[in-house]
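Reviewing the structure listed below.
What you are looking at is a predicted structure, and each value in this text was computed from that prediction instead of being measured.
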Amino acid sequence: MIILGIESSCDETALAIFDSKTGMLGHVVNSQHTIHSKYGGIVPELASRDHIKKLVPLLDDLLKNNKINLNQINLIAFTNGPGLLGPLLTGAAFAKSLAWSLNIKSIEIDHLEAHIFSAMISEKNLKPPFVSLLVSGGHTILSLIEKNSNCRVLGKTLDDSAGEVFDKVARHLGLSYPGGPEISREAEKIQKSSYKFPRPMIKSKDYNFSFSGLKTSVIQTINNIKLNKNSIADISHDFESSIIDVLITKTIKASNELGVDNIVITGGVSANKKLRNRFQNEAKLKNIFFPDIEFSTDNGAMIAYLGWIKSKSHFSNNLEINPDSISRFF
Ligand code: KG4
Ligand code: ZN
């Protein structure tokens, strides 16, 4: 079965083709970072317009590069939420009308669920149950994915998500969007930081997170000094370590307390190299899984892959478009 995956929930237009016999054939991502960077955040209307512009040429490229003909596609999977409604509508309308014109089925995919299962694209032997840490721009959720793939939320952020705080602190440091990779690059320039920012809720008995106090503490520090190359690296280093310390401590605690040794870390922040290395080193007795780096941030491959898994139980062949701003999975 050949599945086309379409992702348009935010500021990435991303498509992929998955072959259930041979695996992921190819994927394309167009990021709109340069469009939104001058506004300091994503402008939904501009995002929708750019998705409309890019969907057809990206699909053409994807098909051409992988020598696939439109008529070979058997199913179209698309992100139905959560996300920005305008961008979701563009992807849903495109997916449904293409499926209708090809006389094939389409399937609605939850973006967060797709992130969580993205590690299974390359880790063929990975199966639930596992402890899942989903860390993206919009969400920080620790959950147990049970044997039947149902999700039991253990904890989530009470305020800002980890990715959001990376982006906001980066802006105050004069770095560009997305902030995570920028901060990471700065942090790598030094071995040790002279700062020691708070590690919020690291010792709390629950599995919740809170990052807005850390954000305020870092921004206050920035406002009280004259920024230069050295101080940007110095602040980035400990800020990044603070987030990683909290994420690792809470995730390992959940794994120990639940007696579940498989841990899966997904979402944009899971692209962070220090996070990846430290998880592997500090959780040696656990089995740690990450998606391939290119599938950590938003992509169409995770949508196509989950579309295939889900197609065994449900799909739709109507033209109703019903995107959701909140997740139906959590
Ligand atoms: O999953 P994603 O692409 O989009 C959402 O679903 O939100 O995540 C985007 C987030 C951004 O906040 C970005 O700064 C962060 O992931 N991110 C990183 C890294 N790469 C992307 N954070 C830390 N380190 C990275 N290398
Ligand atoms: Zn995402």
Side-chain angles (χ1 to χ4, degrees), residues 115-116 118-120 122-123 125-136 139-145 152-157 160-163 165-166 169 179-181 183-211 213-215 217-218 233-293 295-297:
H115 267 305
I116 287 179
S118 63
M120 285 162 63
S122 47
E123 294 285 353
N125 297 324
L126 172 62
K127 285 191 181 66
F130 54 78
V131 170
S132 155
L133 174 68
L134 168 64
V135 261
S136 68
H139 299 84
T140 299
I141 305 175
L142 189 59
S143 60
L144 172 67
I145 304 300
R152 175 148 68 90
V153 175
L154 304 170
K156 48 171 95 171
T157 181
D160 293 4
S161 72
V165 173
F166 267 111
V169 166
I183 294 217
S184 202
R185 220 167 288 132
E186 289 300 323
E188 270 175 19
K189 291 180 183 165
I190 56 168
Q191 293 295 320
K192 201 171 174 337
S193 172
S194 60
Y195 288 97
K196 188 75 187 166
F197 294 115
R199 269 59 178 162
M201 294 185 74
I202 198 164
K203 292 198 174 126
S204 73
K205 292 213 166 65
D206 57 18
Y207 294 119
N208 289 328
F209 304 89
S210 164
F211 293 112
L214 169 66
K215 176 189 68 185
S217 167
V218 179
D234 203 6
I235 291 171
S236 297
H237 191 97
D238 193 64
F239 164 67
E240 183 185 50
S241 296
S242 164
I243 295 206
I244 296 175
D245 284 349
V246 175
L247 294 176
I248 292 187
T249 304
K250 294 235 154 175
T251 307
I252 294 180
K253 175 171 134 83
S255 163
N256 287 339
E257 288 179 359
L258 296 166
V260 175
D261 284 338
N262 284 351
I263 298 177
V264 177
I265 305 111
T266 57
V269 180
S270 77
N272 185 286
K273 286 201 201 106
K274 204 193 274 176
L275 177 82
R276 287 179 174 239
N277 292 337
R278 284 195 43 196
F279 251 114
Q280 298 291 3
N281 291 333
E282 291 169 36
K284 281 215 171 75
L285 300 176
K286 314 282 177 192
N287 310 310
I288 305 293
F289 300 93
F290 286 94
D292 289 347
I293 288 215
F295 302 145
S296 276
T297 44

With sequence neighbours left out, write down each residue that passes side chain to side chain donor-acceptor pair (under 3.5 Å) with Ser241, or none if nothing qualifies. none

Run Leu247 and Thr140 through side-chain contact (heavy atoms from CB on, under 4.5 Å) and show every step you take. CA-CA 9 Å; Leu247 294 176; Thr140 299; 4.2 Å; yes

Partners passing side-chain contact (heavy atoms from CB on, under 4.5 Å) against Ser217 (at least two apart in sequence or in another chain): Phe197, Pro198

Closest heavy-atom pair and its distance - Ala283, Ile252: CB-CD1, 3.7 Å

Quickly, which of Leu133, Ile145, Leu126 forms a side chain to side chain contact (heavy atoms under 4.5 Å, CB included) with Val264? Name it, please. Leu126

Working for side-chain contact (heavy atoms from CB on, under 4.5 Å), residues Ile243 and Val135: CA-CA 11 Å; Ile243 295 206; Val135 261; over 6 Å; no

Main-chain N/O of Gly268 paired to Ser296 side chain as donor or acceptor, under 3.5 Å: no

Spatial distance of atom CZ (Phe290) from atom CD (Glu123) [nearest 0.5 Å]: 11.0 Å

Strictly distance-based, threshold 3.5 Å: is any side-chain N or O of Asp261 a donor or acceptor partner for the main-chain N or O of Lys286? no

Applying salt bridge (charged side-chain N to carboxylate O under 4.0 Å, His left out), can you list everything that pairs with Lys156, at least two apart in sequence or on another chain? none

Nearest 0.5 Å, please: how far is NZ in Lys253 from NZ in Lys203? 12.5 Å

Who passes side-chain contact (heavy atoms from CB on, under 4.5 Å) against Lys189, sequence neighbours left out? Glu186, Ala233

Rounded to the nearest 0.5 Å, what separation is found between the OG1 atom of Thr157 and the CZ atom of Phe209? 8.0 Å

Tell me the closest heavy-atom pair linking Phe211 and Asp160, and the distance in Å. CD1-O, 3.6 Å

Can a donor-acceptor pair be found, under 3.5 Å and without considering hydrogens, that links the side chain of Lys192 to the backbone of His237? no

Donor-acceptor check, side chain of Ser184 to backbone of Pro181, threshold 3.5 angstrom: yes or no? no

Partners of Asp206 by side-chain contact (heavy atoms from CB on, under 4.5 Å), sequence neighbours excluded? Met201, Ser204, Asn208, Lys250

Nearest-0.5 Å distance that lies between atom CE in Met120 and atom NZ in Lys127: 7.5 Å

OG1-CD1 distance between Thr266 and Ile116, expressed to the nearest 0.5 angstrom: 5.5 Å

All side-chain contact (heavy atoms from CB on, under 4.5 Å) counterparts of Ile202, not counting sequence neighbours: Arg199, Asp245, Val246, Thr249

Whether the side chain of Arg276 engages the backbone of Ser270 through a donor-acceptor N/O pair (distance < 3.5 Å, no angle test) should be reported. yes

How many angstroms lie between CD in Gln280 and CD1 in Ile263, if you round to the nearest 0.5 Å? 10.0 Å

Can you confirm if the aromatic rings of Phe239 and Phe166 lie within a centre distance of less than 6.0 Å? yes

All heavy atoms of Ser236 vs all of Ile183, minimum pair found to be CB-O, 3.6 Å

With heavy-atom distances below 4.5 Å as the criterion, would you say the side chains of Glu257 and Tyr207 are in contact? yes

Are Leu134 and Leu142 side-chain neighbours, meaning at least one heavy-atom pair lies under 4.5 Å? no

Heavy-atom count around Asn281 CG within 6.0 Å, excluding the residue itself: above 12? yes

Which pair of heavy atoms, one from Ala254 and one from Leu154, lies closest together, and at what distance? CB-CD1, 4.0 Å

May I ask you to decide if Leu275's main-chain N or O and Asn272's side chain share a donor-acceptor pair within less than 3.5 Å? yes

